[in-house]
Amino acid sequence: MYKIGIDVGGTNTDAVMMNEQQQVIANVKAPTTQDVESGIYDALDRILKQSAIDPRRISSVMLGTTHATNAIIERSRLAKIACVRICLPAGTSVEPMFTWDASLKAAAGSDYYYVHGGCESNGRPLAAKSLDRDECMHVLKQIQTSGVESIAVTSIFSPVLASYEEQFAQWAVEVLGENFPVTISSEIGSLGLLERENSAALNAALVKVASAVSGGLEMALKRYGIEAQIYFAQNDGTLMTLEYARKYPILTIGSGPTNSIRGAAELSGLKDCIICDIGGTTTDIGILVNGFPRESSVAVTLGGVRTNFRMPDIVSIGIGGGSIVRQTEEGVTVGPDSVGYNIVRDSIAFGGDVLTATDCLLASGQVVIDHPDCDQSRLEKVPPYVWQQAIAYINDRVQTAIDQIKTSAADVPVVLVGGGAILIPGGIDGASEVIRPQHSGCANALGAAIAQVSGDIDKMFSMAGRKRELVLEEAANEAKQKAIDAGADPATVELIDLEELPMAYVTSEFVRIKAKAAGAMKAMSAV
């Protein structure tokens with residue numbers, strides 16, 4: 001059996017074929033296309049031709065995609081949503097989607113409803129122990145006739161007590177049908193009502209994008225006779241099944257950098273280091289801790305919306321192989337704009353008229369690119385001081401970003417991956433060593449191919465009348481079950497992280513627990 005990992009970047013769509021021994025059989029790069037799907041099909045076609053593997057022997061395909069991120073940024077292809085906040089008689093001073101700008105509201109809708117329910121931080125009901133069915137049915141009937149395509153349900157302190165959201169979701173099935181998308185916030189975000197509500201709302205808006213991408217990938221695989229299990233890369237460096245991705249598309253946001261981090265870990269053999277992934281458009285720098293990307297501890301703003309779902313701790317800068325080099329009054333600058341996937345058309349070395357970061361490295365003679373359209377003699381007209389200052393600018397920006405993400409002044413190993421890794425041909429200040437592993441150009445696709453399937457929780461637990469060990473065990477079991485639900489083989493699921501966090505301004509009987517479990521994907525035989 002073989003498996004294929006695909007990662008969509010701003011410049012290239014990479015694919016890698018691996019065997020059961022986790023060995024790379026073939027790897028390819030195809031230009032990312034404006035519609036993204038065409039680039040995926042091209043990469044799939046190339047990897048099948050290069051590997052010469054019978055498509056029937058492919059058991060699984062893993063995809064890391066930028067579709068969700070692009071949809072939010074571009075305000076396109078979003079589902080029309082409605083937010084239901086379970087909060088009355090309180091929680092109405094700030095309306096749902098209050099911070100969303102007009103363009104995002106226009107693209108996703110701005111309908112919202114309030115119903116009685118929710119709880120305080122200690123689990124005590126704000127209104128009643130259960131929802132008012134008549135009130136909820138009235139709201140659902142309004143949603144049914146409004147043209148809304150997806151709903152997000154958020155209850156006050158649902159990480160403490162999720163039953164209100166779950167009850168509303170059950171009644172939504174009665175009115176709207178089993179296939180109507182319903183996102184409940186306790187499964188997406190953590191503490192913080194507005195941020196959690198934003199996270200759930202964005203997830204609800206992305207369901208059409210997830211359906212289109214997953215359907216397109218299924219059709220592409222069918223075209224090549226591949227009957228394989230499909231997985232999507234999550235932003236914590238693990239995988240989820242196709243069905244899970246359709247339900248939680250927001251978890252694919254940020255999966256590109258984490259794929260690179262996991263792939264770099266596999267290629268370098270390190271579990272604790274800094275990963276520097278240099279692509280054609282950006283450089284993403286992250287930290288590997290015990291084999292997994294470090295999670296961001298601060299709220300993440302996505303498309304102008306403040307959220308609190310898990311995201312990797314990544315520092316991104318506008319430096320890549322296609323970054324445009326300019327001469328200004330202050331000196332030579334590089335980026336942040338890039339020619340992206342048009343580098344083989346627009347850059348000087350390839351016959352274009354745009355000076356790029358790659359051109360400067362080629363002009364210096366420090367690197368060579370084996371491409372039929374690349375002619376380094378075209379760069380003879382570039383003044384030496386320009387490419388020298390550009391290279392110095394690139395090194396300074398990368399080293400500054402590495403310093404920003406480090407947690408101590410000590411030197412640490414830095415692993416360089418990505419197609420743009422040629423931009424750093426020498427050493428890096430603050431690095432104990434710079435590692436350029438084999439197959440580094442396809443680290444992102446490799447990371448998707450080797451990833452495990454995970455599940456995690458971040459919620460409040462009551463310690464009242466209960467032993468601490470039993471509460472921690474309950475949290476661990478919940479994380480393991482979420483991993484199984486996401487597609488992990490139950491026999492292989494293990495707890496990989498368990499964190500107990502005391503909460504300020506909350507009674508001592510409550511504690512916040514974060515748990516993460518992961519396991520191998522379920523085995524599936526190819527037809």
**Request:** Output, in order, the C-alpha distance, side-chain angles, deciding distance and verdict of side chain to side chain donor-acceptor pair (under 3.5 Å) for Q22 and K3.
**Result:** CA-CA 9 Å; Q22 301 285 60; K3 55 186 178 182; 2.9 Å; yes
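- Applying the side-chain contact (heavy atoms from CB on, under 4.5 Å) test between R436 and each of V415, V414, L416 identifies L416 as the sole match.
- Residue K49 qualifies as open at atom NZ: its count of foreign heavy atoms under 6.0 Å is 12 or below.
- Residues that satisfy the side chain to side chain contact (heavy atoms under 4.5 Å, CB included) test with D101, not counting sequence neighbours, are R75, S103, L104.
- A salt bridge is absent between K482 and D456: the closest approach of a Lys/Arg side-chain nitrogen to an acidic carboxylate oxygen does not fall below 4.0 angstrom.
- E494 CD: 12 or fewer foreign heavy atoms inside a 6.0 Å radius.
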Return all side-chain donor-acceptor pairs below 3.5 angstrom for residues 197-204, not counting sequence neighbours, or 'none' if the list is empty.
{"residue": "E197", "atom": "OE1", "partner": "R85", "partner atom": "NH2", "Å": "2.8"}
{"residue": "E197", "atom": "OE2", "partner": "R85", "partner atom": "NE", "Å": "3.0"}
{"residue": "N198", "atom": "OD1", "partner": "W100", "partner atom": "NE1", "Å": "2.9"}
{"residue": "N198", "atom": "ND2", "partner": "L194", "partner atom": "O", "Å": "3.3"}
{"residue": "N198", "atom": "ND2", "partner": "R306", "partner atom": "O", "Å": "2.9"}
{"residue": "S199", "atom": "OG", "partner": "E195", "partner atom": "O", "Å": "2.9"}
{"residue": "S199", "atom": "OG", "partner": "N308", "partner atom": "N", "Å": "3.2"}
{"residue": "N203", "atom": "OD1", "partner": "I250", "partner atom": "N", "Å": "3.1"}
{"residue": "N203", "atom": "ND2", "partner": "T183", "partner atom": "OG1", "Å": "2.9"}
{"residue": "N203", "atom": "ND2", "partner": "K247", "partner atom": "O", "Å": "3.0"}

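- Other residues, nucleotides and ligands contribute at most 12 non-hydrogen atoms within 6.0 Å of the CD atom of E329.
- Between K459 and R512 the shortest side-chain heavy-atom distance does not fall below 4.5 Å.
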**Chi angles and distances behind the salt bridge (charged side-chain N to carboxylate O under 4.0 Å, His left out) call for R57, E227** = CA-CA 9 Å; R57 298 181 66 187; E227 297 187 16; over 6 Å; no
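- By the 4.0 Å N-to-carboxylate-O rule, D337 lies close enough to R326 to be salt-bridged with it.
- Applying the side-chain contact (heavy atoms from CB on, under 4.5 Å) test between L355 and each of V386, V334, V332 identifies V386 as the sole match.
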**Request:** Please assess S260 against D277 for the test side chain to side chain donor-acceptor pair (under 3.5 Å), listing each intermediate value before the final yes or no.
**Result:** CA-CA 7 Å; S260 295; D277 176 22; 2.6 Å; yes
**Message:** side chain to side chain donor-acceptor pair (under 3.5 Å) for T356 and S347? Distances and angles first, verdict last.
**Reply:** CA-CA 6 Å; T356 67; S347 69; 4.6 Å; no
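- The distance from atom CE of M240 to atom CG of L251, rounded to the nearest 0.5 Å, is 5.0 Å.
- Sorted by first and then second residue, the ring-ring contact (aromatic ring centres under 6.0 Å, His included) pairs with a member in residues 343-395 read F350-H371; sequence neighbours excluded.
- Between the side chains of R196 and S185, at least one donor N or O sits under 3.5 Å from an acceptor N or O.
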